[in-house]
Amino acid sequence: YCGCPYRGKSIDLRACGYTIRKDASRARRVEWEHIVPAWAIGHQRQCWQRGGRKHCSATDAAFRKAEGDLHNLVPAIGELNNDRSNFRYTVWDNQPRMYGQCQMVVDFKGRRAQPPQRARGAIARATFYMVDTYRLNLSAQERRLYCVWARTYPVTEQERVRDRKIQAIQGNSNRYVSDPDALASQC
């Protein structure tokens with residue numbers, strides 16, 4: 001979200017102007033954030049009703065595959081990962097500086113998160129990939145928002161490089177990154 005450089009599990013918060021909101025210990029470490037939250041993936045599966053994430057991880061191979069899909073995992077500041085929780089992405093007018101120079105905003109009461117512009121296109125493309133690959137539901141409102149984001153914030157060279165690396169490891173590409181015409185199937 002913030003463009004902070006990291007090495008291993010450590011983040012250089014000063015380099016990106018990140019200000020710790022509350023949890024200094026968690027803010028200083030890299031965590032792997034699910035763009036489409038594990039909660040959103042699991043909540044649409046039978047296993048979730050029988051025991052939540054732990055039960056799904058133990059009993060549902062499709063959930064495990066979706067939960068570990070590299071196209072849906074991004075390095076994030078641990079504090080932001082925790083603060084974002086399983087809140088939906090959206091955009092609203094209020095843009096306080098919660099995290100210093102990082103443009104991420106979390107509305108805890110409204111259970112929503114506003115990502116910085118730099119991340120919006122990649123979020124949209126990862127979401128469309130997850131919806132297609134794992135047959136997830138997406139509301140009409142979310143689809144419209146992600147279509148706008150995907151068009152407004154085009155694929156970057158960094159996204160292309162990341163996609164090729166994931167394809168080499170995982171064996172598949174995110175077609176919304178690798179194929180410029182794929183977006184037409186969603187929007």
Exercise for the section: Could you check Gln103 against Gln117 for side chain to side chain contact (heavy atoms under 4.5 Å, CB included), going step by step and ending with a plain yes or no? Expected result: CA-CA 8 Å; Gln103 299 292 309; Gln117 291 180 4; over 6 Å; no
Side chain to side chain contact (heavy atoms under 4.5 Å, CB included), that's the test. Do Gln114 and Tyr89 meet it? Break it down for me. CA-CA 6 Å; Gln114 178 176 270; Tyr89 293 112; over 6 Å; no
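The OG1 atom of Thr133 sits 7.5 Å away from the CG atom of Asn174 when rounded to the nearest 0.5 Å. Here Phe108 contributes atom CZ and Phe87 contributes atom CZ; the two are 6.5 Å apart, rounded to the nearest 0.5 Å. Between the CD atom in Glu31 and the CD1 atom in Ile11 there is a gap of 8.5 Å [rounded to 0.5 Å]. How far OH of Tyr129 is from CG of Leu136: 11.0 Å, rounded to the nearest 0.5 Å. Arg7 contributes atom CZ, which lies 11.0 Å from atom CG of Asp12 (distance to the nearest 0.5 angstrom). To the nearest 0.5 Å, atom CG of residue Asp107 and atom CZ of residue Arg88 are 14.5 Å apart.
Pro37 is listed as a side-chain neighbour of Arg84, based on a closest heavy-atom distance under 4.5 Å. A heavy-atom distance below 4.5 Å is not found between the side chains of Leu73 and Glu33. Counting only heavy atoms from C-beta outward, the side chains of Cys102 and Leu80 approach each other to under 4.5 Å. Using a 4.5 Å heavy-atom threshold, the side chains of Ile35 and Met130 count as separate. Residues Val161 and Lys165 form a side-chain contact, since some pair of their non-hydrogen atoms from C-beta on lies under 4.5 Å apart. In this structure, Thr19 and Gln101 have side chains that are not in contact, with every pair of non-hydrogen atoms separated by 4.5 Å or more. Side-chain contact between Val148 and Arg120 is absent, with no heavy-atom pair separated by less than 4.5 Å. The closest side-chain heavy-atom distance from Ile77 to Tyr99 is not below 4.5 Å.
Linking Ile, Leu, Val, Met, Phe, Trp and Tyr residues whenever their side-chain heavy atoms come within less than 4.5 Å places Leu70 and Tyr176 in a single cluster. Tracing side-chain contacts under 4.5 Å through hydrophobic residues (I, L, V, M, F, W, Y), one never reaches Val155 starting from Leu183; they form parts of separate clusters. Hydrophobic clustering places Tyr134 together with Tyr146 (ILVMFWY residues linked when any side-chain heavy atoms are closer than 4.5 Å, directly or through intermediates). In the hydrophobic clustering of ILVMFWY residues, with side-chain heavy atoms under 4.5 Å counting as a link, Val177 and Leu138 come out apart.
Pairing each heavy atom of Asn86 with each of Arg111, the nearest pair is OD1-NH2, 2.8 Å. What you find for Cys56 and Trp48 is that their closest heavy atoms are SG-N, 3.2 Å. Minimum interatomic distance between Glu79 and Lys22 (heavy atoms only, all atoms of both residues): OE2-N, 2.6 Å. Nearest heavy-atom pair, Ala27 versus Tyr18, reported as atom, atom and distance to 0.1 Å: CB-CE2, 4.1 Å. The minimum heavy-atom distance linking Cys187 with Arg151 is given by the pair CB-NH2, 3.1 Å. Listed here is the closest heavy atom pair of Ile41 and Ala66: CG2-CB, 3.7 Å.
The main-chain N or O of Lys54 is never found under 3.5 Å from a side-chain atom of Ser57 such that the two would form a donor-acceptor pair. Judged by distance alone, with hydrogens and angles left aside, the side-chain atoms of His71 form a donor-acceptor pair with the main-chain N or O of Asn172 at under 3.5 Å.
When each of Arg164, Gln158, Arg162 is tested with Arg160 by the rule side chain to side chain contact (heavy atoms under 4.5 Å, CB included), just one qualifies, namely Arg164.
With respect to Glu67 and Arg64, no salt bridge is recorded, no charged nitrogen being found less than 4.0 Å from a carboxylate O.
In this structure, Cys16 and Cys4 have their SG atoms less than 2.5 Å from one another.
A cation-pi geometry, defined here as NZ or CZ lying under 6.0 Å from the six-membered ring centre and within 45° of its normal, does not hold between Arg175 and Phe128.
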